[in-house]
Amino acid sequence: MPELPEVETVKNFLNLHLLKSTILWAKIENKKLRYEIPPQICKILINSRITKITRRGKYLIFLLNNKFAILCHLGMTGCFRLSTKSKKRKHDHLFIGIKKKQIIFNDIRKFGFIKLYKASEIFTCPHLKKIGPEPLSENFNISYLEKNKSKKVSVKSFLMNQNNVAGLGNIYCSEILFDSGIHPEKNFVKLKPEEYEKILKSTTKILNQAIEKGGTTIKDYNISDEKIGYFKNKLKVYDRNGMACYRCKKNINIKKIFQNGRSTFYCVKCQK
DNA sequence: AGGGCTACCTGTACGC
DNA sequence: TGCGTACAGGTAGCCC
């Protein structure tokens with residue numbers, strides 16, 4: 001579910017509803033996630049205010065007005081919902097109460113996590129220290145890609161690695177490479193300058209379109225009743241194995257392969 | 001050092 | 001209907 005556009009959407013949603021609200025209560029319902037939810041988190045949250053929620057790659061960062069910060073990763077199935085009712089759902093992990101409503105972190109597969117840091121240390125924590133540039137920032141540019149020419153990996157593996165560029169995942173890598181017309185198994189070092197340019201251009205285009213649509217929903221992922229996740233209708237290759245390519249219109253040109261244990265979709269005619 | 005593979009966990013879809 | 005298997009958008013830590 002959550003790659004950069006989805007996390008960006010969640011961030012915007014949380015900022016809209018939680019900013020400047022005082023947290024009145026907090027409760028850990030199920031501490032078990034990728035890492036155990038720190039037990040002292042409730043005490044630190046209560047009576048604090050969220051000054052800002054930001055995003056770095058696929059990570060959410062909650063800055064509090066008490067010199068603490070919370071780092072959150074949604075994993076595969078993590079999501080936040082806002083509710084005025086106190087009804088619990090299966091796989092709810094953390095409840096945060098604000099005036100008349102509560103925000104709830106739910107995660108079916110428990111690959112997500114919620115960690116606590118001092119605000120001054122959060123951006124240098126092990127999770128964020130080594131990750132690559134934001135793909136929509138000016139730091140993700142042609143000279144950055146050229147500098148990384150030593151990387152002996154396929155272009156898809158390169159884009160998937162968070163230390164190379166932060167926030168791209170399995171869906172958007174397939175989509176970006178389809179848009180670029182580049183074969184996902186092509187060695188990154190063998191790309192020509194014009195192919196680097198294509199990747200940069202397609203990355204900006206695809207991510208901006210997806211953010212505009214509120215991200216991609218494939219399963220039943222949603223936030224509260226917000227109308228988000230409509231990028232699914234815009235996917236050109238992902239999950240289209242054995243179907244006709246939208247670009248070359250030939251039959252059965254979309255193929256599914258596996259790279260590093262993950263599925264990749266591409267057009268055998270359009271991507272070289 | 002830097003890649004590749006596997007584990008982590010639950011739900012769903014599909015074949016028999 | 002039920003059971004077994006494969007697969008699902010994530011990272012991290014091990015192994016080579």
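Hydrogens, waters and symmetry mates play no part in the numbers below; they use all other heavy atoms, side chains included.
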Original post:
With sequence neighbours left out, what residues match A/Lys156 under side chain to side chain donor-acceptor pair (under 3.5 Å)?
Top reply: A/Asn170, A/Thr264

Original post:
Partners of A/Asp92 by side chain to side chain donor-acceptor pair (under 3.5 Å), sequence neighbours excluded?
Top reply: A/Arg81, A/Asn106

Original post:
With rounding to whole Å, what would you report as the distance between B/dT6 and C/dA6 at their P atoms?
Top reply: 14 Å

**OP:** Among the candidates C/dG10, C/dC7, B/dG11, find the nucleotide nearest to the side-chain atoms of A/Lys256.
**Re:** C/dC7

Without placing hydrogens or testing angles, list every side-chain donor-acceptor pair under 3.5 Å for residues 32-49 of chain A, not counting sequence neighbours.
unit_1	atom_1	unit_2	atom_2	d
A/Ser48	OG	A/Leu45	O	2.7

**OP:** Sort and list the pairs that fulfil side chain to side chain donor-acceptor pair (under 3.5 Å) and have at least one residue in residues 50-59 of chain A, not counting sequence neighbours.
**Re:** A/Glu8-A/Arg55, A/Arg55-A/Glu134, A/Arg56-A/Glu134

Original post:
What residues, two or more places apart in sequence or in another chain, satisfy side chain to side chain contact (heavy atoms under 4.5 Å, CB included) together with A/Asn164?
Top reply: A/Lys151, A/Phe158, A/Asn161

Original post:
In the hydrophobic cluster built from side-chain contacts under 4.5 Å, what are the other members alongside A/Val268?
Top reply: A/Ile257, A/Tyr266

**OP:** Examine B/dG11: is either OP1 or OP2 under 4.0 Å from a nitrogen or oxygen in the side chain of A/Lys90? Give yes or no.
**Re:** yes

Original post:
For A/Phe178, which residues count as a ring-ring contact (aromatic ring centres under 6.0 Å, His included) partner, sequence neighbours excluded?
Top reply: none

**OP:** May I ask you to evaluate whether A/Thr77 reaches the phosphate of C/dG10, defined as a side-chain N or O under 4.0 Å from OP1 or OP2?
**Re:** no

Subject >> Short side-chain N/O contact from A/Lys32 to OP1 or OP2 of B/dC9, under 4.0 Å >> reply: yes

**OP:** Name all stems that contain residues of DNA chain C, defined as runs of 3 or more consecutive Watson-Crick or G-U wobble pairs, both distances under 3.5 Å.
**Re:** B:2-8 with C:10-16, B:10-16 with C:2-8

**OP:** Count the heavy atoms of every other residue, nucleotide or ligand shown that sit under 6.0 Å from NZ of A/Lys186, and state whether that count exceeds 12.
**Re:** yes

Original post:
Tell me, for nucleotides 11-16 of chain C in 5' to 3' order, what letter each nucleotide earns: B for a base near a protein heavy atom under 4.0 Å, S for only sugar-phosphate near one, - for neither?
Top reply: BS----

**OP:** Round to a whole Å and report the spacing from CD1 of A/Ile131 to C1' of C/dG10.
**Re:** 13 Å

**OP:** Say whether A/Ile182 and A/Phe140 are linked into one hydrophobic cluster, either directly or through other cluster members, by side-chain heavy-atom distances under 4.5 angstrom.
**Re:** yes

Please list, one pair per line, the donor and acceptor atoms closer than 3.5 Å that link side chains of residues 117-128 of chain A to other protein atoms, with sequence neighbours excluded.
unit_1	atom_1	unit_2	atom_2	d
A/Thr124	OG1	A/Glu121	O	3.1

Original post:
Over how many whole Å does the gap from A/Ile171 atom CD1 to C/dG10 atom P extend?
Top reply: 8 Å

**OP:** Could you check how far NZ of A/Lys110 sits from P of B/dC9, rounded to whole Å?
**Re:** 8 Å

Subject >> Whether A/Glu185 side chain and A/Val155 backbone form a donor-acceptor pair below 3.5 Å >> reply: no

Original post:
In whole angstrom, what separates A/His93's NE2 from B/dC8's C1'?
Top reply: 13 Å

Could you list the donor-acceptor pairs under 3.5 angstrom formed between side-chain atoms of residues 19-28 of chain A and any protein atom two or more places apart in sequence or on another chain?
unit_1	atom_1	unit_2	atom_2	d
A/Ser21	OG	A/Leu18	O	3.2
A/Lys27	NZ	A/Glu29	OE1	3.1

Pairs under 3.5 Å (N/O, protein and nucleotides 3-5 of chain B):
none

**OP:** Rounded to the nearest angstrom, tell me the gap between atom CG in A/Leu33 and atom C1' in B/dT10.
**Re:** 13 Å

**OP:** Respond yes when some side-chain nitrogen or oxygen of A/His91 is under 4.0 Å from OP1 or OP2 of B/dC9, and no when none is.
**Re:** no

Subject >> Interatomic distance, A/Glu36 CD vs B/dC9 P [rounded to whole Å] >> reply: 13 Å

